[in-house]
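Working notes for the structure below.
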Amino acid sequence: MSTQDFLVFYLSVLAVIVVCRCVPLFALKGRALSPRVTEALGLIPVAAFAALVANDLFDPASGLSVPGLLASVVVVAMARRTGSLIGCALVGMGAYALLGMI
């Protein structure tokens with residue numbers, strides 16, 4: 001790939017990123033969103049976290065990760081008890097590390 005081709009590709013990707021990320025930000029600035037849209041946007045962090053967890057629990061090559069599954073049970077118990085995202089992350093990392101040593 002020549003330098004000119006690379007620059008065209010790079011600038012095209014940059015333009016798409018700017019359009020997809022910045023234009024909605026400026027278009028919605030100062031506007032009130034409907035309650036349904038606000039509720040839907042509130043689910044994005046939960047969905048992203050679930051995707052990260054599912055990625056660690058299920059490996060297409062080897063199937064279900066037993067240490068990951070056991071660590072997730074500990075995290076669910078922590079979430080039910082405290083509701084703290086930071087606490088769940090710390091307990092999950094600790095449980096996964098301890099179970100990985102076994």
Side-chain angles (χ1 to χ4, degrees):
M1 180 183 290
S2 70
T3 304
Q4 185 177 6
D5 291 340
F6 177 76
L7 286 176
V8 168
F9 177 74
Y10 182 79
L11 292 175
S12 300
V13 170
L14 183 63
V16 170
I17 289 172
V18 168
V19 168
C20 291
R21 292 187 179 197
C22 296
V23 169
L25 196 71
F26 292 123
L28 296 175
K29 185 177 181 180
R31 295 178 126 180
L33 299 175
S34 71
R36 292 184 76 188
V37 172
T38 304
E39 183 182 352
L41 290 174
L43 296 175
I44 291 174
V46 175
F49 187 70
L52 290 171
V53 169
N55 187 37
D56 287 336
L57 290 181
F58 303 104
D59 183 17
S62 63
L64 189 65
S65 167
V66 176
L69 186 62
L70 293 174
S72 69
V73 170
V74 173
V75 170
V76 168
M78 176 72 175
R80 287 276 197 197
R81 186 161 189 218
T82 66
S84 167
L85 182 61
I86 298 293
C88 289
L90 294 174
V91 167
M93 287 187 298
Y96 192 77
L98 288 174
L99 290 168
M101 290 181 197
I102 297 175

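Fair warning: this is a prediction, and the values are worked out from it, not measured in the lab.
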Are Val37 and Leu43 connected in a single hydrophobic cluster, I mean Ile/Leu/Val/Met/Phe/Trp/Tyr linked by side-chain heavy atoms less than 4.5 Å apart?
no
As an exercise, state the distance from CG of Leu98 to CE of Met93, rounded to the nearest 0.5 Å.
12.0 Å
Shared ILVMFWY cluster between Ile102 and Tyr96, side chains joined below 4.5 angstrom?
no
Within a 6.0 Å radius of atom CD1 on Ile86, are there more than 12 heavy atoms belonging to other residues, nucleotides or ligands?
no
Rounded distance (nearest 0.5 Å) linking atom OG1 of Thr38 with atom CG of Leu33
5.0 Å
Return the OG to CG distance between Ser72 and Leu69, rounded to the nearest 0.5 Å.
4.5 Å
Can you check whether Leu70 reaches Pro67 side chain to side chain, under 4.5 Å on heavy atoms?
no
Atom pair CZ (Arg36) and CG (Leu41), whose distance is rounded to the nearest 0.5 Å
12.5 Å
Are Met78 and Val74 co-members of a hydrophobic cluster defined by side-chain heavy atoms under 4.5 Å apart?
yes
Hydrophobic cluster identity match, Val8 and Met1, side-chain contacts under 4.5 Å:
no
State yes or no: do Leu28 and Ile44 share one hydrophobic cluster built from I, L, V, M, F, W and Y residues joined by side-chain heavy-atom distances below 4.5 Å, directly or via other members?
yes
Between Gly92 and Val75, which heavy-atom pair has the shortest distance, and what is it?
CA-CG2, 3.2 Å
Side chain proximity check, Phe26 to Cys22, heavy atoms < 4.5 angstrom
yes
Roughly how far, to the nearest 0.5 Å, is CG of Leu7 from CG of Leu14?
11.5 Å
